[in-house]
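The structure appears right after this line, and notes come after that.
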Amino acid sequence: MNSAIFILIGTFLIAFYLGIRARKGQEMQLEEWAVGGRNFGPIIMFVLMAGEIFTTYVFLGGSGGAYRMGGPIIYIFNAFCYIVPFWILPPIWRYAKEHRVLTQSDFFSKKYDSKPLGLLVAIVGVVSMIPYIVLQLKGLKIIVSEASYGAISPNLAVCIGVIAVTIFVSLSGIHGSASTAILKDILLLVVILFLGIYLPYHYHGGIKPMFETLDAAKPEFLLMPKEGYSISWYISTCITIGLGQYMWPQCFGASLSSKDERTLRKNAAILPLYQIVLVFILFIGFTALLQIPNLQGANTDLALFKIAKATFDPWVVGVIGAAGILTALVPCSMLLLTSSTILSKNIYKALKPDTTDKQIGRLTRVFVPIVALVALFFTFYGGESIIALLIMAYSFVLQLFPPLLCSLWKRNPVNKAGASAGIIAGVITVAYVTITSATMGTFFPQAPQSIKDLDIGIAALIINIVIMFTVSTITHIVQKNPQIDKESNFKKTV
Amino acid sequence: MVKILIWILGLIPVFGAFTVVNRIHPYIFGLPLIVFWATAWLILTSVFLSITNYLIDRQEESK
């Protein structure tokens with residue numbers, strides 16, 4: 001037990017040291033702090049891009065999802081997530097470099113030449129990122145309490161973790177995230193590959209025998225069912241995740257730190273290979289299901305730790321916990337960095353346009369601890385509401401995809417009014433649907449099962465697209481024919 | 001010509017990402033077919049995107 005605690009604390013200190021040490025000697029300009037002066041080479045970009053995707057959600061949720069869902073969990077390593085960035089990141093990067101764009105909100109406000117649209121995108125981003133930070137912190141709580149065998153108070157651990165991340169983000173900016181991300185990826189890779197191979201061999205004599213035992217014990221569990229997690233559910237979920245992934249402001253922002261667009265393309269091409277790691281997470285979850293079959297509900301997310309503790313000495317559990325802590329802290333640091341940059345540069349500055357760049361630079365670092373405190377508050381007192389918000393967050397960021405994609409075309413068919421209206425309509429749909437916990441079946445009770453199982457994010461996306469084009473076309477016509485404008489004004493006054 | 005090839009090669013993996021082979025037998029490399037198919041497409045996606053990447057690089061150099 002003591003060895004586990006020793007390893008946890010040791011890893012935490014090393015990560016903290018690396019994060020601080022990454023600080024560049026002089027006072028950093030905002031561009032250096034937020035996007036590393038757009039000078040990151042292939043390896044750092046690789047761990048940064050991988051880092052945002054391999055979060056605690058994958059570490060705990062991937063094995064837990066395999067335990068709970070069976071075969072349909074293969075959605076977590078769908079390659080579509082990287083086909084989209086392969087195509088969209090290079091043009092985004094090119095434009096961002098040319099126009100000195102630092103955040104996603106900057107990008108929208110420059111592309112559509114509209115500050116209000118930038119503000120809207122900034123608000124959608126921050127509202128989505130805070131529950132995502134909370135998710136990481138909640139994961140951190142589980143990891144610390146499991147890996148320390150209950151010896152370290154999880155609440156205390158979360159507070160210390162948040163303080164450490166706040167310090168190194170304030171001092172080192174994205175350089176701090178990059179340094180800790182390298183340590184995290186090495187540790188995570190070793191841990192997952194080891195567990196994913198060792199556990200099936202230890203208990204069942206191999207991966208194939210493990211699957212055969214599972215198939216015999218639970219026939220059909222490895223297949224996609226006709227209802228619920230069906231094939232249409234799978235495809236629609238993969239679409240929403242794939243399109244939404246790089247609409248997360250921290251993913252979008254980190255990709256701007258690349259040295260050139262080739263690096264982005266090359267990484268997007270290699271990252272699917274790296275996702276094979278997730279296949280090993282499945283092996284862990286399935287072995288856990290066979291060995292410890294009685295976990296229920298939220299406890300299924302403990303599958304990885306339960307089986308590790310049943311199998312290994314405390315020091316191994318300590319190493320797993322250490323990898324887990326880093327998978328929580330690294331994304332947290334990226335999220336803190338991005339949300340505070342957006343808060344100062346895109347929200348504060350939009351409200352107070354006379355703020356100078358120097359003040360913005362200072363203000364951004366002031367926002368880091370503030371965002372951290374808000375996230376900490378929700379972690380302890382958020383309850384169910386924060387979970388609802390998190391489910392919405394994934395679909396919220398997805399709503400930014402259509403106007404982004406259109407803005408990359410040579411002749412953008414969408415204008416700022418259409419883009420704004422589409423985003424607002426999409427976000428409202430998502431909020432309404434989540435709060436009333438509606439599904440496609442609620443709206444179309446007569447529809448075939450394949451329609452009912454569609455991810456509800458798709459519905460919001462379609463509403464968004466329709467409104468976006470309709471409003472764009474109408475406002476376009478109105479601008480071309482002032483006559484109509486007068487008529488409508490006339491009607492209004494009447 | 002190369003441009004069309006780039007688009008085709010770069011978009012073939014989309015087909016792979018959205019096909020599901022909903023079967024357990026036969027096992028390939030110890031994996032049930034449904035898991036193997038998804039895993040194989042991770043590798044194939046990397047292969048296709050790397051070739052596409054190479055072609056784009058070459059096209060840009062020749063400019």
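Letters A, B, ... mirror the listed sequences (proteins, then strands); counts begin at 1. Computed over heavy atoms, backbone and side chain alike; hydrogens, waters and symmetry mates excluded.
For the salt bridge (Lys or Arg N to Asp or Glu O under 4.0 Å) condition, no pair includes a residue of residues 26-43 of chain B, sequence neighbours left out.
Heavy atoms closer than 4.5 Å to chain B are found in both the backbone and the side chain of A:I239. Using a 4.5 Å cut-off between heavy atoms, A:I270 contacts chain B through its backbone alone, with no side-chain atom that close. Neither the backbone nor the side chain of B:I28 comes within less than 4.5 Å of any heavy atom of chain A. Proximity to chain B (any heavy atom under 4.5 Å) is restricted, for A:F86, to the side chain, taken from C-beta onward.
Closest approach of A:I83 to B:V14, counting heavy atoms only: CD1-N, 3.6 Å.
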Given side chain to side chain contact (heavy atoms under 4.5 Å, CB included), test B:L31 with A:I207 step by step and report yes or no.
CA-CA 7 Å; B:L31 300 175; A:I207 288 163; 4.2 Å; yes
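When each of A:I276, A:V84, A:L223 is checked for heavy-atom pairs under 4.5 Å with chain B, A:L223 comes out on top. Ranked by heavy-atom pairs under 4.5 Å with chain A, the list B:G16, B:A38, B:P32 is led by B:P32.
Within a 6.0 Å radius of CG in A:L193, more than 12 heavy atoms belonging to other residues, nucleotides or ligands are found.
A:F283 meets the ring pair (Phe, Tyr, Trp, His ring centres under 6.0 Å) test with A:F211, A:F280; sequence neighbours excluded.
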Please list every donor-acceptor pair closer than 3.5 Å that links chain B with chain A, giving the two atom names and the distance for each.
residue: B:G10; atom: O; partner: A:W87; partner atom: NE1; Å: 3.4
residue: B:A17; atom: O; partner: A:N78; partner atom: ND2; Å: 2.9
residue: B:N22; atom: OD1; partner: A:M224; partner atom: N; Å: 2.9
residue: B:N22; atom: ND2; partner: A:M224; partner atom: O; Å: 2.9
residue: B:S46; atom: OG; partner: A:A269; partner atom: O; Å: 2.6
residue: B:S46; atom: OG; partner: A:L273; partner atom: N; Å: 3.3
residue: B:N53; atom: OD1; partner: A:R265; partner atom: NH1; Å: 2.7
residue: B:D57; atom: OD1; partner: A:R262; partner atom: NE; Å: 3.2
residue: B:D57; atom: OD1; partner: A:R265; partner atom: NH1; Å: 3.2
residue: B:D57; atom: OD2; partner: A:R262; partner atom: NE; Å: 2.9
residue: B:D57; atom: OD2; partner: A:R262; partner atom: NH2; Å: 3.2

